[in-house]
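Below is one structure, written out as C-alpha cells, with a few remarks after it.
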Protein chains: 2
Amino acid sequence: MTGNSRFAVSVHILAYLAYRQGAAVPSAEIAASVDTNPVVIRRLLSGLVKAGLVHTQKGASGGFSLAAPLDQITLRDIYRAAEPAPTHGMAHFAPNTKCPVGAKIEAILHTAFVKAQAGMEAELALVTLASIHEQLRPVCPGSKKP
Amino acid sequence: MTGNSRFAVSVHILAYLAYRQGAAVPSAEIAASVDTNPVVIRRLLSGLVKAGLVHTQKGASGGFSLAAPLDQITLRDIYRAAEPAPTHGMAHFAPNTKCPVGAKIEAILHTAFVKAQAGMEAELALVTLASIHEQLRPVCPGSKKP
DNA sequence: CCAACCGTAACACCGTTAGTTACATTAAGC
DNA sequence: GCTTAATGTAACTAACGGTGTTACGGTTGG
C-alpha cells in the first residue's frame, strides 16, 4: 500500500471505545470490529496510551477505555499519536549540494512542507471524537458487542 | 522509507528547469542535480508532461523545459501531477461491516480525509514556482550547468 | 548516417507494514 | 492460592511500494 492505515485504524479504535461508553474493552473485541489481529490493535493502542488518550487496565476483565472526554479529543490528537514524524519523502532526498539548486532546494521544500502539514492538521483539529460519536449515534442505541 | 520522494524530487526538477531559463535540459543533467538515475527523472517527468507543466523535445539536443510561466505553476499543481490519488491508508482498511461502528466509520473517515487533504493543498497552492525561483535567485546569476 | 536523447519495460533490492505466533506478566474472582 | 483473562512485546513471515539500474526501441538535429 502507498500509505499506512495506522491513523484510520486508530480513529476506528477510539470511535469504538466511545461507542462502548467507558467500559474496559479487550483488544480482541476491537479487533473483531476492525477485522484484524488483536496484536495489531494493541500495538496501535500502545501509542494512544502514551499520548494520554486511552487508559489501560491489565489482568482479567481488563481492557482499554478512553482517558478524556469525547469533546477534548480531536482527529489531530489521534493523528499525532498514531503517525510517526512526517518526513514527506525528505528522508531519502539528498540532492547534489554542488549544484546551486540542489544546495538550497531542501530548505525551501522543508518550509513548504511544514505549512502544508499545518494546513492539514488544522482541518483535523476541527473534528472531535464527540462529533464522530454523534454521527455514529443513530446506529448504536445501547452499548452492545458486535 | 515512510513516504515517497516523488513530490520533493518533482519540485526539484521544476525548480531546476526554471533555473535553466527555458533551455532544453536533458534528463541526465537534472539527474546530476538531484543525484539519482536519469530514468528516475524521466519517469517523474512523464507525469509532469501529462499534467501540462513541462514540454518535452525528443531527439538529439532535445530535453525538457517548462510549459507555463513561473507564476502560473503552484506546488499544488506539482503535487497533483506527482502523487497518485491519496488513499490515506484507506486502501487496505476494510472493517467488519457487521459491527455498527465498522459499518459507518469508513464514510466518516473519508469525509475527514477529504477536508484534511483540501487544507493541505490550499497551503501548497499559495507557493508558486516563481517564488521558489526567487528564493534560488541570489545563488544563480547566469544559467550554468552544475 | 550518427550521435544524443526520450519513453518505457523489466528486474533486483530495500524498507515498511500487516499479520501471526509465542510467551512473560498482571490482576480479578472464585 | 489457583485459574482465567487479559496486556505488552519480541520475533518472524509475507506482501507491497519505491528506488535504482540495465536494456532497448523510437525520434530527431546536425
Side-chain angles (χ1 to χ4, degrees), chain A residues 1-10 12-13 17 20 23-32 34-50 54-65 67 82-96 145, chain B residues 1-10 12-13 17 20 23-32 34-50 54-65 67 82-96 145:
Chain A
M1 67 205 65
T2 303
N4 47 348
S5 57
R6 298 171 59 91
F7 178 48
V9 174
S10 295
H12 187 146
I13 290 172
L17 292 182
R20 297 286 272 104
V25 185
S27 59
E29 183 181 330
I30 307 174
V34 178
D35 196 25
T36 184
N37 193 291
V39 175
V40 174
I41 300 298
R42 290 205 292 270
R43 271 204 289 249
L44 289 171
L45 272 161
S46 168
L48 298 174
V49 167
K50 278 176 190 137
V54 172
H55 174 250
T56 178
Q57 174 64 38
K58 287 186 186 176
S61 79
F64 301 90
S65 54
E83 295 284 348
T87 68
H88 293 285
M90 302 275 291
H92 288 9
F93 179 65
N96 180 0
K145 296 191 178 184
Chain B
M1 69 203 65
T2 304
N4 51 346
S5 57
R6 296 171 61 91
F7 178 48
V9 173
S10 294
H12 187 148
I13 289 172
L17 291 182
R20 297 285 275 102
V25 185
S27 59
E29 182 181 330
I30 307 174
V34 178
D35 194 28
T36 186
N37 193 289
V39 175
V40 174
I41 300 298
R42 290 205 292 272
R43 272 204 288 246
L44 288 172
L45 272 160
S46 168
L48 298 173
V49 167
K50 278 175 191 139
V54 172
H55 175 250
T56 177
Q57 174 64 39
K58 287 185 185 177
S61 79
F64 301 90
S65 54
E83 296 284 349
T87 68
H88 293 284
M90 302 274 291
H92 288 12
F93 179 65
N96 180 359
K145 296 188 181 183

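Just so it is clear: chains get the letters A, B, ... in the order the sequence lines come, proteins before strands, and each one is counted from 1. Remember, it's a predicted structure, so these values are computed and weren't measured experimentally.
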- May I have the step-by-step check of side chain to side chain contact (heavy atoms under 4.5 Å, CB included) for A:Thr36 and A:Val9, ending in yes or no? CA-CA 10 Å; A:Thr36 184; A:Val9 174; 5.6 Å; no
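In this entry the distance linking CD1 of B:Ile13 with C1' of D:dT19 reads 14 Å, nearest Å. Summarising the geometry, the separation between CG on B:Leu48 and P on C:dG7 is reported as 11 Å, rounded to the nearest angstrom. As rounded to whole Å, 11 Å separates atom P of D:dG20 from atom CZ of A:Phe93. Here the C1' atom of nucleotide C:dT17 and the CD1 atom of A:Ile41 are 14 Å apart, to the nearest Å. For the pair A:Leu45 CG and D:dG8 C1', the interatomic distance rounds to 11 Å; values are reported in whole Å. When the P atom of C:dA4 is taken as reference, atom CD1 of B:Ile30 falls 18 Å away, rounded to whole Å. Rounded to whole Å, atom P of D:dG17 lies 14 Å from atom CD of B:Glu83. Note: CZ (A:Phe7) to C1' (C:dT17) measures 18 Å, nearest angstrom.
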Show each protein N/O and nucleotides 21-23 of chain D N/O combination with a separation under 3.5 Å, one pair to a line.
| residue | atom | partner | partner atom | Å |
| --- | --- | --- | --- | --- |
| D:dT21 | O4 | B:Arg43 | NH1 | 3.2 |

Polar atoms only, N or O, under 3.5 Å: list the protein pairs with nucleotides 26-30 of chain C and their distances.
| residue | atom | partner | partner atom | Å |
| --- | --- | --- | --- | --- |
| C:dA28 | O4' | A:Ala60 | O | 3.4 |

Less than 3.5 Å apart, which donor and acceptor atoms pair up between the side chains of residues 39-49 of chain B and the rest of the protein, not counting sequence neighbours?
| residue | atom | partner | partner atom | Å |
| --- | --- | --- | --- | --- |
| B:Arg42 | NH1 | B:Ser27 | OG | 3.1 |
| B:Ser46 | OG | B:Lys50 | NZ | 3.4 |

Taking distance alone, no hydrogens or angles, what donor-acceptor pairs closer than 3.5 Å link side-chain atoms of residues 54-65 of chain A to residues at least two apart or in another chain?
none

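Looking at A:Arg6, its side chain never comes within 3.5 Å of a backbone N or O of A:Glu83 through a donor-acceptor pair. At least one donor-acceptor pair under 3.5 Å links the side chain of B:Asn96 to the backbone N or O of A:Ala32.
Over its length, the helix from C:dC1-D:dG30 to C:dC30-D:dG1 turns its helix axis by 20°, as judged from the five terminal pairs at each end, rounded to 10°.
Contact check for A:Phe7 versus A:Ser5: no side-chain heavy atoms found under the 4.5 Å cut-off.
The side chain of B:Ser46 places no N or O atom within less than 4.0 Å of a non-bridging phosphate oxygen (OP1 or OP2) of C:dC6. The phosphate of C:dA18 (OP1 or OP2) has a side-chain N or O of A:Ser5 nearer than 4.0 angstrom.
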